[in-house]
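Below is one structure, written out as structure tokens; comments come after it.
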Amino acid sequence: MAVLTMRDALNQALHEEMERDPSVIVMGEDVAGGSGGTSGNIEAAGGIFGVTKGLKTKYGADRVIDTPISESAIVGLANGSALAGMRPVAELMFADFVGVSLDQIFNQMAKFRYMFGGKAKTPVVLRMSMGAGMNAAAQHSQTIYPMLTAVPGLKVVVPSNPADAKGLMKQAIRDDDPVVFFEHKALYSKKGEVPDGEYLIPFGEADLVREGSDVTVVALARMVPFAMKAVDKLAEEGITCDLIDLRTTSPLDEETVLESLSMTGRLVVVDESNPMCSIASEIAGIAASKGFASLRAPVEKVTAPHTPVPFARELERMYVPSPGDIEAAIRRVMEGA
Amino acid sequence: MAVLTMRDALNQALHEEMERDPSVIVMGEDVAGGSGGTSGNIEAAGGIFGVTKGLKTKYGADRVIDTPISESAIVGLANGSALAGMRPVAELMFADFVGVSLDQIFNQMAKFRYMFGGKAKTPVVLRMSMGAGMNAAAQHSQTIYPMLTAVPGLKVVVPSNPADAKGLMKQAIRDDDPVVFFEHKALYSKKGEVPDGEYLIPFGEADLVREGSDVTVVALARMVPFAMKAVDKLAEEGITCDLIDLRTTSPLDEETVLESLSMTGRLVVVDESNPMCSIASEIAGIAASKGFASLRAPVEKVTAPHTPVPFARELERMYVPSPGDIEAAIRRVMEGA
Amino acid sequence: MQQSPDQIRQAYRQMRLIREFEERLHVENPKGEIAGFTHLYSGQEAIAVGVCENLRDSDFIISTHRGHGHCLARGCDPKGMMHEIYGRADGLGKGRGGSMHIADLDKGMLGANGIVGGGQPIAVGAAVACKARGDGSVSVSFTGDGASNQGTVFEAMNMAVVLKLPKVFVLENNGYSEHTGASYGIGGDLKTRTEAFGMPVWEADGFDYFSVYEAAGKAIEHARAGNGPSAILATATRYFGHFEGDPQNYRAKDEVKNFRETKDALMTIRDKVTGAGIFTAEELDAIDDEVLKLIDASVDSARNGPTPGRDIMMSDVYIDY
Amino acid sequence: MQQSPDQIRQAYRQMRLIREFEERLHVENPKGEIAGFTHLYSGQEAIAVGVCENLRDSDFIISTHRGHGHCLARGCDPKGMMHEIYGRADGLGKGRGGSMHIADLDKGMLGANGIVGGGQPIAVGAAVACKARGDGSVSVSFTGDGASNQGTVFEAMNMAVVLKLPKVFVLENNGYSEHTGASYGIGGDLKTRTEAFGMPVWEADGFDYFSVYEAAGKAIEHARAGNGPSAILATATRYFGHFEGDPQNYRAKDEVKNFRETKDALMTIRDKVTGAGIFTAEELDAIDDEVLKLIDASVDSARNGPTPGRDIMMSDVYIDY
Ligand SMILES: Cc1ncc(C[n+]2csc(CCOP(=O)(O)OP(=O)(O)O)c2C)c(N)n1
Ligand SMILES: Cc1ncc(C[n+]2csc(CCOP(=O)(O)OP(=O)(O)O)c2C)c(N)n1
Ligand SMILES: [Mg+2]
Ligand SMILES: [Mg+2]
């Protein structure tokens, strides 16, 4: 096992899969960079966040495709090449750019197989960076996974650490269904141990990252390390939590959540999204329906507020649910019953 | 009071508001129709569903603007003209076309005021038809209000009957915030009494359309008449329900739901959307958090399945939650506690 | 007419098949058995067939909301299509897609598409696969005059040029975008706008199979030879309303009648072929008979086809979930 | 040079203001006090100022992610902007928008925009309002070479032509779209592509204020006179990276240096103005001093500005909710 950043773990997964399978291709704005430039550098960028570094140098311009700023056409490239037998990995630089490409995502790739009588196969991976943490403001910081989790036909991946990012990316590329892969910007530089070579994580299996008996804490992406902080702190006081990292929101591992809830009776859901119709809403709703018999206290939803993502450092910090917010919610839920 | 279809009630609201306020303008594909045609008819359509009938004939081409098929530019027309002082009512023929215009909705109109220091005012009404019921299949039948309810800065309206449609449309046009107005295709031809002239319904006030003591049933749009059928049928057996028509999902009238729940202790939420991250999830989640103390039985969520909307009559009928499904859910929730 | 009699017979048969398929749907539709929106292609047959007769099995096409003609021209099974339009469990889409979403991946037919402008970026993607294969295969999209104003179509054109893909854009100007005349919504003109992306555009008479065949042949050859994308622009008309039930208040009274009488695509090909002595009118009539029987049989079969059930509603959302 | 000395002084001052604003941000940025993405406009000053000096109070402009230059040229308060860039509670956006979202509705400045291609449809909407007013006001959008490939931009151009709106598209070709050369992503060329929608395009030297002023003047006059939309195409360069921190691996070593030495917009206007004897170098230097003091004061003030709190985070999502 090597210690890698999430960026490098993703990069490793891409390198390994491109090496393994010649039908894997990569496309997006500046996934290589330098095309049409004056330096002669054929890979001037390697992705704006460095996730696609080295791919063009190694696999060439036919498999690593720089594109104009045309997100609908980028996702279209992925959709059509997938229908025609390739395994495209397309990049939307920022998740917020679903705004200019949603049709290709939710009306096209998600629905082909269903509408076309079960014949179509659309093995697209659509990567996008998401989340607050870089003060990139309202149009470059959103966590729009709830919107896409709602769409039947899409699988949705939300890794929280480098090892998962690698294992889930390799699974995503081999998966025959369309996968939307969210990469949290604030996690790219976080390091962790990453298994070498062949390492795949199946979708729909949440990870129990902390075990405890008092409260079930459900989190995803950047909220997992934040929740860890809160959970570990409370453990010192003797309040112990199951901490569940969802890893994928579609499929959603309800079983693991419900099983934990049946032991703890208390639930805190942590989601960086805006509150309404969020993953927090979804999990809380599941608790109210399928988990009702277990529930001993009001569910606590810890989310961003119902506001756009603000720019200033102080504001963004307030906006994003913090370890302190999570800790407070766990305490509240302990008092609740 | 006249008896009108929802289509005509909406049309009346548009006529009245255009008459009242010269800054109200209408735009979209075939909102008039006939431009560039060979019949010489300057209003060959009046909207594909007839909602904008008579407007161009009465108010002229400057205020009733036929557009090319360019949904991003249509919403852009609304956004820019609103920023510049008009009150545009723009039409997306089908809600599914947010796919090709989402950016202007969720990154632009929703966020101007916040990003721009509170100076901008964007009084757009964005009308769109939604829902199953016409066998229009997967790309013309979706109920995407959860996706937009999640977006801070948007108000979201989901009327269930002609009177509400009129009162909410007039409010929407006068409202200074951007409003997304969902018109259920299967309701356009439904009739109801509609107050004449000045009639406004404030946002964020749900309507208690049936009163009862056993179960709280929350529904919206076409699910309201379906739920009425189920509730009325069960009333004959002595099972009585509060039936709450949300009318707007943003703002969401939590108070009315929670107050009812505090009396009944049982909750059924009916939502035509796909299940995940839906309004059903949201309301169920609210019950699990703020309504927990009242809750005596597992919440029942009645939604469409996690599938695209299928085409065939039999399939679409199965897809849409039915009065029978709602009735069954109410019975289950009665057994649950 | 450098085509062999067999080629011409096939083209004529395909055009007749489309014509009769659509004319029959126009008759059946008011009876109430067919659900949803039905957009008929009658009047434009020469375009779909003129293009598709140039294609090989390894090529791809993608269609629009008005897809029956393109599907049939590409060789989709008329019976499977009819069953789909009637919402049957054994239709091409198992009754889940309907008229607007007919596809057959086995035929390289990537689907009709209910979103105007939805297909073009996908077809560009298929062209990426064609190029990667290196076997000279091409990807073709059909685009209406109205659709030509959708941002995604411009992006698709530009992308195809930038990546120099084997992609052919077929622009079908039938004069209307729903209830609006084509000229109203188009700033500039289609040919100049398309050429401005740096690709050649060949014009064709959309009523004349031979004209379309020739223009499409040039475009497809251009692509197969590795010269990148191009377009053909074909003008025709649609005989019926935008969708079945459209009262067509935007059209002059005799517009369609005049087209039918003076320009009709089937009439045109018949006149040319009989005039050149390739086939007799009787030989062509025999093809018509065969086609009519096939359509009769398809409708009968579709009317009595199996109703889809819950298993069909719930399946094929994912391959594995 | 038919402009009055006052006009020229104002133009020079605005260009200097942009230049120094940006050069100073480039110095301040590595110090870590400025959060988020900062896209600098240095090198393109003549374009923003050449356009905006033609405008009236009732006109509208909309900008891009690279918005400082357009904001300043339109008369936004440099101090309010600097406070915003530093995330202060009394910045133009109350610290909620930052560099990428500076706007001032009171100045008809409809915002910088973080979405490439996001602004153009909005500006077309503002043109609808201009037309409705009937006071000859116009709406102007700025569009980069990279942005010109976004579907929304094509739609906006077409819509403006179809509705014959008083809309001016300013195309700024600075040679790069992030890390990619402009030529790579553009099928055809910007001028032909824009003209193909049926609007005139005037070209300008984007380093030369007078050239841009003249081209923009024609376009704006065209719009004011009710002749519909048009465009100007101005070519310049950006002196800094795409965003602050960009190592610019895609650029030849001396590219920027050469531009600075041979084409610089401030140098060009100074040479012309002093050469024509309108102002002396000393007079212009005095303007420079004034500007530098203003920037100093703005940065000092911004660095010590009030921190936004929870009330600011929670407000202005709606007017009434
Ligand atoms: C994105 C989108 N916008 C609008 C529509 C509604 N619509 C369906 S067909 C059509 C007109 C298309 O005109 P054209 O491209 O000329 O094709 P034709 O119908 O003439 O074959 C419209 C507006 C749609 N289906 N998708
Ligand atoms: C829809 C969208 N796609 C991509 C981006 C990322 N992005 C920001 S600026 C930029 C390049 C823009 O190039 P150009 O239009 O030439 O403007 P310039 O940066 O040269 O001023 C890109 C790709 C974005 N912000 N929005
Ligand atoms: Mg047409
Ligand atoms: Mg540029």
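The analysis underlying the following values was restricted to heavy atoms, covering all of them including side chains, and did not include hydrogens, waters or symmetry mates. Please read all numbers here as calculations on a predicted model, not as lab measurements. Chain letters run A, B, ... following the sequence lines, proteins first, then strands; residues in each count from 1.
With Asn135(A) contributing its side chain and Ala35(D) its backbone, the two residues share no donor-acceptor pair below 3.5 Å. Between the side chain of Ser39(A) and the backbone N or O of Ala252(D), no donor-acceptor pair lies under 3.5 Å.
Within 6.0 Å of atom NZ in Lys31(D), more than 12 heavy atoms from other residues, nucleotides or ligands are found, so the atom counts as buried in its surroundings. Atom NZ of Lys79(D) has 12 or fewer neighbouring heavy atoms from other residues, nucleotides or ligands inside a 6.0 Å radius. For Arg260(D), the CZ atom sits in a packed shell: over 12 heavy atoms of surrounding residues, nucleotides or ligands are nearer than 6.0 Å.
Contact of Ala138(A) with chain D is made through the backbone alone, with heavy-atom distances under 4.5 Å. Residue contact with chain D, scored on non-hydrogen atoms closer than 4.5 Å, is absent for Ser72(A). Heavy atoms closer than 4.5 Å to chain D are found nowhere in Glu43(A), neither backbone nor side chain. Looking at Ser177(D), both its backbone and its side chain come within 4.5 Å of chain A, counting heavy atoms on both sides.
Residues Glu178(D) and Asp30(A) approach most closely at OE1-OD2, 2.6 Å, considering heavy atoms. Nearest heavy atoms, Ile48(A) versus Phe243(D): CD1-CE2, 4.0 Å. Residues Gly98(D) and Phe311(A) approach most closely at CA-CD2, 3.3 Å, considering heavy atoms. Across all their heavy atoms, Gly97(D) and Ala137(A) have their closest contact at O-CB, 3.5 Å. In terms of heavy atoms, Arg313(A) sits closest to Ile34(D) at NH2-O, 3.7 Å. Shortest non-hydrogen contact noted between Glu314(A) and Gly87(D) is OE1-O, 4.4 Å.
For the atom pair CG (Asn41(A)) and NE2 (His179(D)), the distance works out to 11.5 Å, reported to the nearest 0.5 Å. The distance from atom NE2 of His140(A) to atom CD1 of Ile115(D), rounded to the nearest 0.5 Å, is 5.5 Å.
Scanning residues 311-321 of chain D against chain A with a 4.5 Å heavy-atom cutoff picks out Ile312(D), Met313(D), Met314(D), Val317(D), Tyr318(D), Tyr321(D), ordered by number. Applying a 4.5 Å heavy-atom cutoff, the residues of residues 143-157 of chain D that approach chain A are Gly146(D), Ala147(D), Asn149(D), Gln150(D), Thr152(D).
Each of Lys94(D), Glu255(D), Arg96(D) has some count of heavy-atom pairs under 4.5 Å with chain A, and the biggest count is that of Arg96(D). Across Thr307(A), Ile69(A), Val309(A), Val100(A), the residue that shares the most heavy-atom pairs under 4.5 angstrom with chain D is Ile69(A). Ranked by heavy-atom pairs under 4.5 Å with chain A, the list Tyr250(D), Phe37(D), Tyr86(D) is led by Tyr250(D). Interface summary for chain A: among Ala182(D), Gly117(D), Gly309(D), the most heavy-atom pairs under 4.5 angstrom belong to Gly309(D).
Proximity of Asn113(D) to Gln139(A): side-chain heavy atoms (C-beta onward) are separated by under 4.5 Å at one or more points.
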task = Verify side-chain contact (heavy atoms from CB on, under 4.5 Å) between Thr67(A) and Tyr184(D), making sure each step is shown before the conclusion.
result = CA-CA 9 Å; Thr67(A) 68; Tyr184(D) 173 77; over 6 Å; no
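Side-chain polar atoms of Asp66(A) and Thr180(D) form no donor-acceptor pair below 3.5 angstrom.
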